[in-house]
Structure formats: structure tokens, C-alpha cells
Amino acid sequence: MKNKLYIGTNTKMYKTIAQTAEYLEELGKQIKTVDREKIELFVIPSFTALESAGRRACDYGIRIGGQNMAWEDEGQYTGEISPAMLKEAGATIAEIGHSERRHVLGESDEMENRKVHAAVRHGMTALLCVGETGLQKEHGVADETLRIQIKEGLYGIKPEDASSIWIAYEPVWAIGTGGQPASAEYACERHRVIRDTLFEHFGDAAYTIPLLYGGSVNMQNAEKLISVPDIDGLFIGRSAWDAAQFGEIIRKVLAAFLRKHS
Ligand code: PGA
């Protein structure tokens, strides 16, 4: 399994340029004593904050990503941001298909697939987010939903490009203020389905792909979640937006991760 812990946050439509800078500075202090060899730490801020965040994050060994990305290199796409623009601003990760993009802004699996291809083409990490809605869970089609999102989202991506792919399992019903975190047992079962689907698609390369869990991760449940065999990392929203609290979660989770692999 992975020898690194993947942990990061998407700040959604919160934090201005100044607030992001302040946040990164504090996060940098928080992780000074943390063994960075074992951690892939990332922050995905708003587009306007990307450039200044990109400059700061380098000093702290934090990777920066964009919350969305166009699939074309350039063109008449008002309101979109190209891979080259993201890279120029210091982003090396493209977050693709977050639940709010799919369910609030109407993105389809086909659109996510084009974005994954664009990320791979531009040498970026594609962080593909998947997850069933509450209704799909209730109707007993959570696994089917995940399999479709993975297979459609990764259609045409070859095993040799598997190193550019990260997957975040984020059940829609678990995300945000009204969300309930998935239990470690439930997350474990879904991660297994995702891993199996990746294996069908990529063969052995599936085992090199980091699988992150997201959706109401907090100080109380983070250690238990990371102890699950197929959970390689955590993708955290609200609980990570206070840098001191995120720092504490990182330290706790790293200790649990090292115990899991000892
Ligand atoms: P949350 O957000 O931790 O606030 O539930 C997770 C996400 O949207 O990635």
C-alpha cells in the first residue's frame, strides 16, 4: 500500500487572497515539526488566491490545486480557467468533479472525463471526486454509482498514466454543514468497491492510486477513518479551515497512519 499519507483541504468559496495567505502562514508553522517525508499535504484555494498561495506554499512543501479546470487548452469559454493558467499560478493538482460541481453546477461524468484527460495531458495530478447521493444510497445503488463515476471519469486513461490520478470518495450526504460523516465501516466497503473498479480499469496500477475519504472529517473521526486499510488519505473541508485545528488533525492522523503501516 501507499507509503505516504495524503491529506488536504479545498477551501471552497471561502477565504480571500489575504485570508488564504494568513492561513498558509499559520499552517506552515503548524507543520514545522511534522515528518514531511511521509506526508503529501495540499491546499486547494479560490482561484484569485492561487498565485500568492502558490508562492508561499512552496516554502512549506504544500502542494496547491485548482478547484476546477477547463478541458480545453484555450478558447471561448467565458468563466473557465485553463490548465496552463492553473500551472502558471503554481497549481499542480486539478480537483475534478467535486460534489458541488456535479450536483449544484450540473457537471456530468463526460465533462469530468475530459478534465481528467486535460490534467494528464498537462502533467498535473487529477483529483477525481466521486460519491453517491443520499437517494442513491437509500435506493441501494451506491456501488453502481461509484463504478459508473470511476469508469466514465477515467475512460481512455491508460495504466501508465495512473500515477497522475488520485481519487476522493466523498458521499454527497456526508459533505458540508448538513452532512453526517460516513462510518469507518461504510467508507471501508465503498473504498473496496472503488479499488476493485480501478483494478478492472488499470490492472495492478490500481494499487498505486491514492484513495482519499472526504465528507465531514473532523478531529473525532479522522484517526478511525485513516486506520481503514483502503483509505490512503483524507480530504477535509470545514474542519481544516482553521490552520491550528488542521495542524492538530494532521499530527493525529499521521500517528495513526504510521501505526497502520508499522
Ligand atoms: P466537509 O467538506 O469536510 O466540510 O464536509 C468536504 C468536501 O466538500 O470536500
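Indexing begins at 1, ligand by ligand and atom by atom, following the structure's order. For clarity, every value in this text was computed on a predicted model and none was experimentally measured. Worth knowing before you read on, the calculation uses all heavy atoms, side chains too, and leaves out hydrogens, waters and symmetry mates.
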Any heavy atom of Asn10 closer to ligand 1 than 4.0 angstrom? no
Any nitrogen or oxygen of Gly237, main chain or side chain, under 3.5 Å from a nitrogen or oxygen of ligand 1? yes
Please write down residue, atom name and distance for the protein heavy atom closest to atom 4 (O) of ligand 1. Arg238 NE, 2.6 Å
Keeping the roles fixed (side chain from Asn221, backbone from Ser216), state whether a donor-acceptor pair exists under 3.5 Å. yes
Quick note on ligand 1: atoms under 4.0 Å from a heavy atom of His98 include exactly 7 (C), 8 (O), 9 (O)
Ligand 1 contacted by Gly176 (non-hydrogen, < 4.0 Å): yes
Taking atom types as modelled, find out whether Gln149 and Tyr169 have a side-chain donor-acceptor pair closer than 3.5 angstrom. no
Quick test: of every protein heavy atom, which one is nearest to atom 9 (O) of ligand 1, and how far off is it to 0.1 Å? Glu170 OE2, 2.6 Å
Does some non-hydrogen atom of Ser216 fall short of 4.0 Å from ligand 1? yes
If we ignore angles and hydrogens, is there a donor and acceptor under 3.5 Å between the side chains of Glu132 and Trp173? yes
Examine the side chains of Glu200 and Thr197 and answer whether a donor and an acceptor come within less than 3.5 Å of each other. no
Just by distance, no angles: are the side chains of His122 and Asp73 close enough, under 3.5 Å, to form a donor-acceptor pair? yes
Salt bridge check: are Arg190 and Asp230 linked by an N-O gap of less than 4.0 Å? no
Below 3.5 angstrom, do we get any N/O pair linking Glu100 and ligand 1? no
